[in-house]
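Notes follow the structure.
From a predicted model like this one, the values you see are computed outputs, not experimental measurements. Atoms within a ligand are numbered from 1 in the order they appear, just like the ligands themselves. The residues of the chain are indexed from 1 along the displayed sequence.
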Amino acid sequence: MRLSAYFMPTLKETPAEAEIVSHRLMLRAGMVRQASAGIYSWLPLGFRVLKKIEQIVREEQDRAGAQEVLMPTIQSADLWRQSGRYDAYGAEMLRIEDRHGRDMLYGPTNEELITDIFRTSVRSYRDLPRMLYHIQWKFRDEVRPRFGVMRGREFLMKDNYSFDLDYEGAKKSYNKMFVSYLRTFARLGLQAIPMAADTGPIGGDLSHEFIILADTGESEVFCHGDILDFDGLGEGIDYQSDLEPVVQAWTKLYARTDDKHDPAVFEREVPAEKRVQRRGIEVGHIFYFGTTYSEPLKALVATPEDESVAVHMGSYGIGVSRLVGAVIEASHDEAGIIWPEAVAPFKVGLINLKVAAADCSKACEEIYAKLQEAGVEVLYDDRDERAGAKFAEMDLIGLPWQLVVGPRSLDKGLVELKRRAGGQREEVSLETALARLTG
Ligand code: ATP
Ligand code: MG
């Protein structure tokens, strides 16, 4: 992509309304625009990142055996009356009336709708287990939308739902999602810690929030410091195997959100020097809720003994749009964003320092063509601008690599390769630079 033709309305000034760094940087880098309170338009640069995160989330859901569907954003109020949540949900639900006077709503979540799909299609234990997910916009009329996409009113969520015959089956599905979340966040370049979360009236211990530690986070969390040294999960997980040991390993040390925190247990189980009390960003939440919805909505299946029982369910959310902000909170410096390679909008920023010089432009065009041929995503700054402005903007948008082509080095057959993270620069030959970036 040529920057001269790219729609990337960056801002020089720091927008006054933005309280936290990710919000400031997203506005300054021209990634999003606020449409109204807590509602954002995604501009090309931001949209590319959103799509990359979405794709990684999708791949890890698929790998764990979940199947993708797409449910609508607008739902009928009737189902929510059946589950008893229509009134209970309160002011966070955006209620709409259609032209026939029917009550509709903009879905804040999808337990009712997915249970309805299930109950009209599945009758027998033979059709279990199943996991169905979608990646769809949600609306919650938050009292205080803030921090940009971190707490929006309209936001993109991946929500998966599991269906099992009994608790034992549901626990297996839960473990699959637990592991899949570890993998997902590791691939996104994030250290997300599973922390025991409130289970409400359901009880039990099958609720975990995945938390990224950050001072700007809205959750107060408590954990054993050793968890911070755990490695995310690499490749090679067999989802058909028993995942309980993995889950045990990750949950044996104290790690709890505010709701679940118990100072007495914390002090008993965690030595003073290991006690971590921090703020964090909730990027995912997995939850077993048993028959909470299948009972009122009558999602019943026949057991092998031909008894009819309510199906056991769980739900598993990831805040896809919140993650764009969360990644930036976890990875930035004074100059701007530092994208982890997996979610970067482009891998390379190619900077032409002297557009008017024929040899510079020729070399840039050649590099640009070769990188594209090799399938490397490159943003080529071909504008006639001051070098300082180009560097500042490239640092701001945070692409992992910068390839700088200027007349002085080029005379010696060299270009400059800069790593955005860490800022190391190196003068190398054109061939070496290309080999590095395409390797
Ligand atoms: P929170 O405690 O932050 O309000 P929640 O517990 O209500 O979130 P869930 O219902 O568990 O949220 O939703 C699943 C995921 O969706 C959350 O883990 C979070 O990453 C994301 N999410 C929830 N609310 C918002 C929001 N207002 N804006 C952006 N993302 C959100
Ligand atoms: Mg939650």
**Request:** Establish, for the pair R419 and W401, whether the NZ or CZ atom is under 6.0 angstrom from the six-membered ring centre and no further than 45 degrees off its axis.
**Result:** yes
**Request:** Quick one: do V309 and L300 satisfy side chain to side chain contact (heavy atoms under 4.5 Å, CB included)? Show the steps, please.
**Result:** CA-CA 5 Å; V309 297; L300 308 175; over 6 Å; no
**Request:** Output every pair passing salt bridge (Lys or Arg N to Asp or Glu O under 4.0 Å) with a member in residues 184-201, not counting sequence neighbours, ordered by first then second residue.
**Result:** E59-R187, E60-R187
Please produce the table of protein N or O atoms sitting under 3.5 Å from N or O atoms belonging to ligand 1, one pair a line, distance to 0.1 Å.
{"from": "ligand 1", "atom 1": "2 (O)", "to": "E282", "atom 2": "OE1", "distance (Å)": "3.3"}
{"from": "ligand 1", "atom 1": "3 (O)", "to": "R151", "atom 2": "NH2", "distance (Å)": "2.7"}
{"from": "ligand 1", "atom 1": "3 (O)", "to": "R322", "atom 2": "NH1", "distance (Å)": "3.1"}
{"from": "ligand 1", "atom 1": "3 (O)", "to": "R322", "atom 2": "NH2", "distance (Å)": "3.0"}
{"from": "ligand 1", "atom 1": "4 (O)", "to": "R151", "atom 2": "NH1", "distance (Å)": "3.0"}
{"from": "ligand 1", "atom 1": "4 (O)", "to": "R151", "atom 2": "NH2", "distance (Å)": "3.2"}
{"from": "ligand 1", "atom 1": "6 (O)", "to": "E282", "atom 2": "OE2", "distance (Å)": "3.4"}
{"from": "ligand 1", "atom 1": "7 (O)", "to": "R140", "atom 2": "NH1", "distance (Å)": "3.0"}
{"from": "ligand 1", "atom 1": "10 (O)", "to": "R140", "atom 2": "NH1", "distance (Å)": "3.1"}
{"from": "ligand 1", "atom 1": "10 (O)", "to": "R140", "atom 2": "NH2", "distance (Å)": "2.9"}
{"from": "ligand 1", "atom 1": "11 (O)", "to": "E282", "atom 2": "OE2", "distance (Å)": "3.4"}
{"from": "ligand 1", "atom 1": "11 (O)", "to": "H285", "atom 2": "ND1", "distance (Å)": "3.2"}
{"from": "ligand 1", "atom 1": "12 (O)", "to": "R140", "atom 2": "NH1", "distance (Å)": "3.3"}
{"from": "ligand 1", "atom 1": "18 (O)", "to": "E282", "atom 2": "OE2", "distance (Å)": "2.7"}
{"from": "ligand 1", "atom 1": "20 (O)", "to": "E282", "atom 2": "O", "distance (Å)": "3.0"}
{"from": "ligand 1", "atom 1": "20 (O)", "to": "V283", "atom 2": "O", "distance (Å)": "3.4"}
{"from": "ligand 1", "atom 1": "20 (O)", "to": "G319", "atom 2": "N", "distance (Å)": "3.3"}
{"from": "ligand 1", "atom 1": "27 (N)", "to": "E142", "atom 2": "OE2", "distance (Å)": "2.8"}
{"from": "ligand 1", "atom 1": "27 (N)", "to": "G152", "atom 2": "O", "distance (Å)": "2.9"}
{"from": "ligand 1", "atom 1": "28 (N)", "to": "M150", "atom 2": "O", "distance (Å)": "3.4"}
{"from": "ligand 1", "atom 1": "28 (N)", "to": "G152", "atom 2": "N", "distance (Å)": "3.1"}

**Message:** If only side-chain N and O atoms count, and only distance matters, is there a donor-acceptor pair under 3.5 Å linking H312 with S294?
**Reply:** no
**Request:** Return yes if a side-chain donor-acceptor contact under 3.5 Å exists between Q61 and R58, otherwise no.
**Result:** no
**Prompt:** So, for Y288 and Y174, is the gap between ring centers shorter than 6.0 Å?
**Reply:** no
**Asked** Do T109 and E111 have side-chain atoms, one donor and one acceptor, less than 3.5 Å apart?
**Response** yes
**Message:** With no hydrogens and no angle check, just 3.5 Å: does a side-chain donor-acceptor pair link Y161 and N110?
**Reply:** no
**Asked** Who are the salt bridge (charged side-chain N to carboxylate O under 4.0 Å, His left out) partners of E393, not counting sequence neighbours?
**Response** R383
**Asked** What's within reach of the Mg ion (ligand 2), meaning protein N/O/S atoms under 2.8 Å?
**Response** E282 OE2, H285 ND1
